[in-house]
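Take a look at the structure below.
One is the number of the first residue; the rest follow in order along the sequence. In this text, all values refer to a predicted model and were calculated from it rather than measured experimentally.
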Amino acid sequence: MKISILDDYHDTLRTLACFGKLAGHEVKIWNDHLQDTDALAARLQDTEALVLIRERTKIGAALLERLPKLRLISQRSVYPHIDVPACTRLGIIVSSNMHAGTPSYATAELTWGLVIAAMRQIPQQMASLKAGNWQTGVGHTLRGKTLGVYSYGRIGAVVADYAKAFGMKVLVWAREATLVRARADGYATAPSREAFFRECDVISLHMRLVDATRGIVKAADLAMMKPTALLVNTSRAGLIEPGALVRALKAGRPGMAAVDVFEEEPLRDVRDPLLALGNVVCTPHIGYVSRDEYEIQFSDIFDQIVAFAAGTPSNVVNPEALKVARA
């Protein structure tokens, strides 16, 4: 099969052990990022199987209709960036392993890296040292403080578990069914949304971005946070009401933020307001970007291609597409 892989920024995939699973196939890897439909249509004209790296490129109907040879899209996890109904209509299989019960430990670890970096002002202290100065400011320790976990899913549960090593108290806020799971695991749950935002010293967001969660964190929520508190977002930028975080940080509640996700990605605008604030630590959506995590994710993705080539598609999101023959 002719396989195209998009958005492999650092040309990493061909160096993974699992890449050997594609032996015998014709593989083209693209290291830049494109979203222009005309350019993508030209690039993918002969592609039979398309590999996506998470949600880096949106795959819409206008593009799909111009890819007559495309038969399979193989990826991992959620797929809000793919027009699945259009794929079904055109007879394109979408295979996506949802890895139930398997959290992204890489994202959970980065979450804690951001917490420590922000609370101890590590980037600011490094910048001071490189500028020929000594210490700049005084940070905060974590022991005895309260970590707020907003939604207690796969990653949220791991982040909460890591808090024990830092001697932190954990407070969870989520839907009632999710709160039940948190209580069963021994964690305290907030009596109200207001209490959650008021009491926590660090709040970390761990939700999928769907219609129901878009903008779920409001300006009023942020305004209730302590002036010494930290908001961490390694999930999706769209969980926060547009513009609310920048305004809140300028107003001093919360006092700090650490973010790995942005409204527009990849972010290349150095004038982005979040990058201009001295009380924000920013990283370029690297939560899941580790060699170990890539081996896990792309082993699944390449297995789906092997299965499709063998005539036994796996993890099919749109089984109705199996009934549609491509011209």
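Counting only distance, with no hydrogens or angles, the side chain of T146 and the backbone of V170 share no donor-acceptor pair below 3.5 Å. For E48 (side chain) and K2 (main-chain N/O), a donor-acceptor pair under 3.5 Å exists by modelled atom type. Of the possible donor and acceptor atoms, none in the side chain of K164 sits under 3.5 Å from a partner among the backbone N and O of A160. Although no hydrogens or angles enter the test, the distance criterion places a donor-acceptor pair under 3.5 Å between the side chain of D8 and the main chain of L13. A donor-acceptor pair under 3.5 Å is absent between the side-chain atoms of N318 and the main chain of A321, judged by distance alone.
Linking Ile, Leu, Val, Met, Phe, Trp and Tyr residues whenever their side-chain heavy atoms come within less than 4.5 Å leaves V306 and I3 in two separate clusters. Note: the hydrophobic cluster containing L231 also contains Y162 (ILVMFWY, side chain heavy atoms under 4.5 Å, direct or indirect links). Note on V172 and V180: separate hydrophobic clusters, where clusters join Ile, Leu, Val, Met, Phe, Trp and Tyr whose side-chain heavy atoms are under 4.5 Å apart, directly or indirectly. Hydrophobic clustering keeps V261 apart from V202 (ILVMFWY residues linked when any side-chain heavy atoms are closer than 4.5 Å, directly or through intermediates).
When the side-chain hydrogen bond (donor to acceptor under 3.5 Å, both in side chains) test is applied to K21, the partners found at least two apart in sequence or on another chain are S299, D303.
Between S77 and M98, the shortest heavy-atom contact is O-SD, 3.3 Å. A pairwise comparison of heavy atoms in L147 and S204 identifies CD1-CB, 4.5 Å as the closest pair. The nearest pair of heavy atoms linking G144 to K169 is O-CE, 3.3 Å. For the residue pair A309 and M1, the shortest heavy atom distance occurs at CB-SD, 4.0 Å.
Residues C87 and I82 are in side-chain contact: their nearest non-hydrogen atoms beyond the backbone lie under 4.5 Å apart. With a 4.5 Å cut-off on side-chain heavy atoms, L230 and M119 count as touching. Here the side chains of N233 and L114 are not in contact, with every heavy-atom distance at 4.5 Å or above. Side-chain contact between V317 and I73: absent, with no pair of heavy atoms (C-beta onward) separated by less than 4.5 Å. Using a 4.5 Å heavy-atom cutoff, the side chains of W30 and I5 are not in contact. Counting heavy atoms from C-beta on, the side chains of V232 and I203 never come closer than 4.5 Å. Using a 4.5 Å cut-off on side-chain heavy atoms (C-beta onward), M225 and C200 make no contact. Looking at heavy atoms from C-beta onward, L205 lies in side-chain contact with I240 at the 4.5 angstrom threshold.
The distance from atom CZ of R76 to atom CG of D300, rounded to the nearest 0.5 Å, is 4.5 Å. F19 contributes atom CZ, which lies 11.5 Å from atom OG1 of T12 (distance to the nearest 0.5 angstrom). I92 contributes atom CD1, which lies 7.0 Å from atom CG of L67 (distance to the nearest 0.5 angstrom). We find the OH-SG distance between Y294 and C18 to be 11.5 Å, quoted to the nearest 0.5 Å. For the atom pair H25 NE2 and F302 CZ, the distance stands at 11.0 Å (nearest 0.5 Å).
In this structure, a donor-acceptor pair under 3.5 Å is present between the side chains of Q75 and S96. Side-chain contact, Y105 with D292: no donor N or O sits under 3.5 Å from an acceptor N or O. In this structure, a donor-acceptor pair under 3.5 Å is present between the side chains of T234 and T111. One side chain, T47 or S4, offers a donor N or O that lies under 3.5 Å from an acceptor on the other. At a cut-off of 3.5 Å, with distance as the only test, a side-chain donor of T57 or D7 sits close to an acceptor on the other residue. No side-chain N or O of Q304 forms a donor-acceptor pair with one of S95 less than 3.5 Å apart.
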Under 3.5 Å, sequence neighbours excluded: what are the donor-acceptor pairs made by side chains of residues 189-196?
| residue | atom | partner | partner atom | Å |
| --- | --- | --- | --- | --- |
| T189 | OG1 | R183 | NE | 3.0 |
| T189 | OG1 | R183 | NH2 | 3.4 |
| S192 | OG | A195 | N | 3.0 |
| R193 | NE | D221 | OD1 | 3.0 |
| R193 | NE | D221 | OD2 | 3.4 |
| R193 | NH1 | Y150 | OH | 2.7 |
| R193 | NH2 | I216 | O | 2.5 |
| R193 | NH2 | D221 | OD2 | 2.7 |

Under 3.5 Å, side-chain donor or acceptor atoms of residues 274-291 against the rest of the protein: list the pairs with distances, not counting sequence neighbours.
| residue | atom | partner | partner atom | Å |
| --- | --- | --- | --- | --- |
| N279 | ND2 | G255 | O | 3.0 |
| T283 | OG1 | D260 | OD1 | 2.7 |
| H285 | ND1 | E265 | OE1 | 2.6 |
| H285 | ND1 | E265 | OE2 | 3.2 |
| Y288 | OH | R56 | NE | 3.2 |
| Y288 | OH | R56 | NH2 | 3.4 |
| S290 | OG | E293 | N | 3.1 |
| R291 | NH1 | T15 | OG1 | 3.0 |
| R291 | NH2 | T15 | OG1 | 3.4 |

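For R89 and E65, the salt-bridge test passes: some basic side-chain N is under 4.0 Å from an acidic carboxylate O. Comment: R236 engages E55 in a salt bridge, judged by a side-chain N to carboxylate O separation of less than 4.0 angstrom.
Between H33 and Y9, the angle of the ring planes goes over 60°, which puts this pair in the perpendicular group of the 30/60° scheme.
Aromatic pair Y152/W173: centroids not less than 6.0 angstrom apart.
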>> Determine whether R66 and D38 satisfy the following criterion, salt bridge (charged side-chain N to carboxylate O under 4.0 Å, His left out), listing intermediate values before the conclusion.
In response: CA-CA 9 Å; R66 295 174 61 179; D38 291 339; 2.6 Å; yes
